[in-house]
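Please read the structure below before turning to the comments.
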Amino acid sequence: MARNAVDKATSIDAQLRLLAPQKLSDDDKLVEYDALLLDRFLDILQDLHGEDIRETVQECYELAAEYESKLDPKMLDEIGTVLTSLDPGDSIVITKSFSHMLILANLAEEVQIAYRRRIKLKKGDFVDENSATTESDIEETLKRLVHQLKKPPMEVFDALKNQTVDLVLTAHPTQSVRRSLLQKHGRIRDCLSQLYAKDITPDEKQELDEALQREIQAAFRTDEIRRAPPTPQDEMRAGMSYFHETIWKGVPKFLRRVDTALKNIGINERVPYNAPLIQFSSWMGGDRDGNPRVTPEVTRDVCLLARMMAANLYNAQIEDLMFEVKLSMWRCSDELRVKVDQLHQSSKKDTTKHYIEFWKQVPPSEPYRVILSDVRDKLYNTRERARHLLASGFSEIPEEATFTDVEQFLEPLELCYRSLCACGDRSVADGNLLDFLRQVSTFGLSLVRLDIRQESDRHTDVMDAITEYLGIGSYREWPEEKRQEWLLSELNGKRPLFGPDLPKSDEVADVLETFHVLAELPSDSFGAYVISMATAPSDVLAVELLQRECHVKKPLRVVPLFEKLADLEAAPAALARLFSVEWYRNRISGKQEVMIGYSDSGKDAGRFSAAWQLYKAQEELIRVAKLYGVKLTMFHGRGGTVGRGGGPTHLAILSQPPETIHGSLRVTVQGEVIEQSFGEEHLCFRTLQRFTAASLEHGMHPPISPKPEWRALMDEMAIVATKEYRSIVFEEPRFVEYFRLASPEMEYGRMNIGSRPSKRKPSGGIESLRAIPWIFAWTQTRFHLPVWLGFGAAFKHVLDKDIRNLQTLQEMYNQWPFFRVTIDLVEMVFAKGDPGIAALYDKLLVSEDLWSFGERLRANYEETKQLLLQVAGHKDLLEGDPYLKQRLRIRDSYITALNVCQAYTLKRIRDPGFEVKPRPHLSKDIMDSGKPAAELVKLNTTSEYAPGLEDTLILTMKGIAAGMQNTG
C-alpha cells in the first residue's frame, strides 16, 4: 500500500478535521488548532528531510487510521513492514516525528481547554475540561455554598481561611520530557494562543506564525533523550523551576481572586496574609526509600539550594516593593518611626562604607525605604550565606546578619503594613506589599519544606546496632511490647545512647548522618518524616528517639505510611496502639498525620480492591483519631495514572469519605503531573483553585456515606477482585515471564527519567518491582492490566449470584461519588486501551506456548469492558464526554504507529536474527550540525544494541507516554 505522493485530500490534517463529532459546540477549536500545528510541522519535516520522509510518515499514519477504523491487524503488519525497512537514521526521524506530532496534539488541546474556559466564563457558564461534573471553581463554589446550600457567608469565610492544602512535589521518575523541551513547548503554546486572539492584526498574525514555525522546528531539533540519569540535585532544580516560572507569582494572584470571590458573597474582608490556604512541600532530595543516590549530603545540598533560590526570588521583588512605597509614602506611624531611629542608631556602630553612604542618601521623608532597605540587605546576606555553605561548607557572614526564621522576615513587613493602614494608605498596603507578605507566609525562607522518607527496616537496623552496642540484646529480635518498653524508657530519660565509637555499617551511618543533617540545618527547611512500611508504634517511636539522640532542635512530625492491602487493613489498629501511648499523645499535641499509598496498594491487590480498602481505611482512621481526641490529616500518595490513584483533582477530593479532609489535606504531585499542574500560569491558577475549592466544599458539604447494602456488596466484590488479581499476577507461574516478554519493562531503565532504581532489589519478581515501571509497562502496550483486572470478576460474581444486583450497582453509580469516580476512571482507561495492539506485542515478542495465556487475558479485558458499560448504563465508552472522546480519537493513529514501531524495535533488539528488508536511505538533508539523518545513530555510542535501535525504542516510549498523557 505504498503511497508515492501526498494526497492533499487525505493528508493528516485533513483527516483530523473528519474526527470532529458534529454535536460539539461552536467554541470547540481543537481540530483547528491541531491541524494548524501539524500543517506547520509537516512542512518543516519536508524542508529538513525531504518529501520521501514526509510521505513515509503519511503512509504510516494512513495505515494506522485504517486500522483504527476497521481494527484489521493486517494494517499493523503493513506498518511494521514499512518501519522495519527503514535505515536506522530514517527510523529515528520517523519515530521522532510521530512523537512530536503527539506533543503538538497535546499543546493544541491545552490551548483549546483554555479557550473554551474563557468562552464559558464570558457567557456566565462554567465548564469542566475533564468531566461532565461541575469543576471546583472558587467563585462558583462559594456561591453554591451560600446561595444553594444556605451556608452563612461568615461560616464559609471562617472555614476557608482556616483550611490548608499542602501540595507535595515528588521526584518519582514519571516525567519523560526533558526540561529544555518543556520550555519550548510552552512557547509553542503561547504562539498558538496569541494567533487566535480576536484583536490580532494581519502583520502580528504573520509574525506569530513565523515564530510558531521557529519554535516547532527548534523543538523538533532538540534531542529528546536523556543520555544519563538525573541526579537528585537535578531533579530538585527541575522541580524548583516551577516556582520561579509560575507558582511564585501564581499564589498571590490566586489569593486575590479568592478575595474577589469573597466580596461577591458579601464578605468585605480579605483572606489574611498568613492564612495557610496553600502550602508547598517536596520529596526531591529527601525521599531515600529505595534510592541510594539520596545521601545525607544530597539532602543538605538541596535544602541550601532551596534557601538560596528563595532569597533570590525575594531579592528580585524587594526593589519593586521599595519603589512603590518609598516616594510618596512619607507619613508613617510612631511605631515605624521608632524602628527607623533604632536602625539609624545601630548603623552608627557599623563603620562600613556601605552603611555610611546609605544614611547619607536617605532623606528623613522616606522612612519605609529605611525599613525595606534593611530587609533587602538581610536577604542578600541570607542568600550569600547559603551560597557559601553550599559551595564550601563555610561562610564568613554571621547568622545574625541574615534572616534565620520567617518571623524575623515578616516582622518589618508587618510593621510597614500596619503603618500604611494607620495613616490611611490601606489601598497601598493591599498592593504589592500584601502580595509580598502572602509569598513570605506561603514560601518562608526555605521555598518548600523538605519531607524525609525512609523505610522502617532502616531504623530497625540502627536500633539493633545501638542495643548490641549497649549489650542489652538484639532489638531486631525483640517483640513489639519489649521494643516499645525500651524506646519509651529512653524517651523519658536523658542519657545519651551512644558515642562516636558505635560500630556502624554503611547503612546505619547513612541513617544517623541524615538525622545529623536535620539537626544542622534550620528547622523550617523540613516538613514531615515519613516512614514507609510502618506497621507498629515502635516504628514511630524509634524515629522520635533518633531525633532526640541526634539533637534535632525542632523534631519533625513523624508520619506512618500504610501502602499494601494488609497494612491498610491493619492501619486503624496500629494507630490506636500508637495513640494509647501516653508519651506520644503528649508529644503530638492533638495532631497527627497519616499517609496512605495508592501505588503499592494497587500493585498489591488491583485497583478495585485497593480503592475500596483506601476508602474504608480512611473512615476507620478518622474514627480512631476522634476516639483519642486527635485531629487527623490524611496525606494521599497519589500518582498520575488511574492505576496509581490518579484522576481529575476535584473529583478525587469530592469522592473521599465524609470528614476525612475537614480543612486539612496533603497530596503528592508526581512526575508529569507537576508539568500538567504548574507548567503554565493558567494551569497553576486552575490547580490552586481546584484543590482549595474542592477541599472547602468537601468539608462544608460532605458526600453521602454508602448505604449498608452498598458496603456489603463492595466487600463481597473486593474479595473476588483481589482473588482474581492475585491469582493471575502472583500465583500464575507463567505471568512474570509473559509480562516481561509482552512489554518494555526490561528496557524501562534506559529512559533515564529518574534518579531512583526501578526495583527495590536488583533481583526478584513483581513484588520487588516499583509501582511506576509496573504501570508504565502496561500503559505502553495500551493494555492497562493493573487498572481493570479484578473488576470483571467482581461484577460477574454478583450479577450471576442475583441479577437484581445490577440495579443496586447502577444506583451506586448514580448516587455515590466514590463509586462513580472509580467506574468513570476505568472507563476512560478502556477508551485509551486497545487489546489488538497488545496482541501484536504477543505475536512478535511472546513465545508461542504463552499465546493462549495472552488470549485469555484479552478475553477477560473485553468481558470486563462490557460489564463495566452495563453497570454504568452506557452503550459506548465515553458517550457522556464527547470532548474527551474527540481528544483521544485524534491521538489514536499517532499512538498506533508508535506502538507498532516499538513492538518491532523490541523484536529486533531481542532477536538479532529477525530479518528485515532495508529501503534506500530517505532523508535528504542535514541535522545536528551538518550530520545526515543516518548519522543520528552516532549520538548514542554506548548502546549494545544494533545502530539506532535504542534511540528509536526510547523515542517510542516517550511518544506513547505523551499520547497516553502519563507514564506512571
Side-chain angles (χ1 to χ4, degrees), residues 68 71 174 176 598-599 601-611 638-648 671-673 721 724-725 728-729 735 738-740 742-745 748 766 769-795 821-842 853-869 872 877-878 884-885 887-889 891-892 895-896 898-899 902-903 956-957 959-968:
E68 294 297 336
L71 296 180
T174 61
S176 65
Y598 288 69
S599 301
S601 57
K603 184 166 78 76
D604 182 41
R607 188 72 257 136
F608 185 95
S609 301
R638 301 173 69 221
T641 57
V642 175
R644 297 182 55 238
E672 80 280 350
V673 181
E724 167 80 0
Y725 179 89
I728 291 175
V729 173
F735 181 78
Y738 174 81
F739 166 58
R740 290 187 168 146
S743 76
E745 181 264 330
Y748 164 80
I766 301 301
L769 187 68
R770 289 196 175 276
I772 291 169
W774 164 246
I775 295 289
F776 172 89
W778 291 110
T779 302
Q780 287 282 301
T781 64
R782 292 165 71 183
F783 199 46
H784 307 286
L785 178 138
V787 178
W788 57 263
L789 185 60
F791 274 82
F795 291 146
V821 168
T822 302
I823 299 302
D824 283 352
L825 289 175
V826 179
E827 183 178 341
M828 181 270 290
V829 167
F830 274 122
K832 289 184 175 184
D834 187 338
I837 294 294
L840 175 70
Y841 283 78
D842 275 18
F853 183 61
E855 289 170 359
R856 172 185 148 198
L857 290 177
R858 289 190 292 278
N860 192 338
Y861 175 103
E862 293 292 352
E863 182 181 34
T864 300
K865 182 174 71 174
Q866 294 306 316
L867 287 166
L868 190 90
L869 289 172
L877 294 170
L878 299 181
L884 178 57
K885 194 170 187 176
R887 282 145 54 185
L888 296 181
R889 287 180 66 194
R891 296 192 191 99
D892 278 346
I895 304 172
T896 293
L898 285 170
N899 276 128
Q902 183 178 97
T956 65
M957 291 180 178
I960 293 168
M964 296 288 103
Q965 291 196 309
N966 45 54
T967 51

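Values below: all heavy atoms of this structure, side chains included; hydrogens, waters and symmetry mates excluded.
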With a 4.5 Å limit on heavy-atom distance, are the side chains of [X] and [Y] in contact?
{"X": "Val787", "Y": "Lys832", "result": "no"}
{"X": "Ile960", "Y": "Phe776", "result": "no"}
{"X": "Ile728", "Y": "Leu857", "result": "yes"}
{"X": "Pro744", "Y": "Thr781", "result": "yes"}

Any idea which heavy atoms bring [X] and [Y] closest together, and the distance?
{"X": "Ala721", "Y": "Ala794", "result": "CB-CB, 4.1 Å"}
{"X": "Ala961", "Y": "Gln780", "result": "N-NE2, 3.7 Å"}
{"X": "Met964", "Y": "Thr779", "result": "CG-CG2, 3.6 Å"}
{"X": "Gly792", "Y": "Leu867", "result": "O-CD1, 3.5 Å"}
{"X": "Val729", "Y": "Phe735", "result": "O-CD2, 3.4 Å"}
{"X": "Gly963", "Y": "Arg891", "result": "O-CD, 3.2 Å"}

Residues which pass side chain to side chain donor-acceptor pair (under 3.5 Å) with [X], listed by chain and number, not counting sequence neighbours:
{"X": "Asn899", "result": "Arg782, Tyr841"}
{"X": "Asp892", "result": "none"}
{"X": "Ser743", "result": "none"}
{"X": "Thr956", "result": "Gln902"}

Kindly assign one of parallel, tilted or perpendicular to the pair Trp774 and Trp778, based on the angle between their ring planes and the thresholds 30° and 60°.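 Trp774 vs Trp778 ring planes: perpendicular.
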
Among residues at least two apart in sequence or on other chains, which ones pass side chain to side chain contact (heavy atoms under 4.5 Å, CB included) with [X]?
{"X": "Ala742", "answer": "Tyr738, Asp842, Val846"}
{"X": "Gln866", "answer": "Leu869"}
{"X": "Ala872", "answer": "Tyr813, Ile823, Glu827, His874"}
{"X": "Glu862", "answer": "Pro835, Lys865"}

State the CG-CZ distance between Leu868 and Phe795, to the nearest 0.5 angstrom.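 These two atoms lie 5.5 Å from each other.
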
Working to the nearest 0.5 Å, report the span between CZ of Arg858 and CG of Asp834.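 Between atom CZ of Arg858 and atom CG of Asp834 there are 11.0 Å.
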
Is Tyr725 reaching over with its side chain to a backbone N or O of Lys603, donor-acceptor style, under 3.5 angstrom?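 Yes.
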
Can you list everything that forms a salt bridge (charged side-chain N to carboxylate O under 4.0 Å, His left out) with Glu863? Sequence neighbours excluded, please.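 Checked Glu863 against salt bridge (charged side-chain N to carboxylate O under 4.0 Å, His left out); zero matches.
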
Kindly write out the residues that satisfy ring pair (Phe, Tyr, Trp, His ring centres under 6.0 Å) with Tyr861, not counting sequence neighbours, or none if the list is empty.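 For Tyr861, the residues satisfying ring pair (Phe, Tyr, Trp, His ring centres under 6.0 Å) (neighbours in sequence not counted) are Phe783, Trp788, Phe830.
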
Intermediate values then yes/no, side-chain contact (heavy atoms from CB on, under 4.5 Å), Leu825 and Arg607: CA-CA 11 Å; Leu825 289 175; Arg607 188 72 257 136; over 6 Å; no

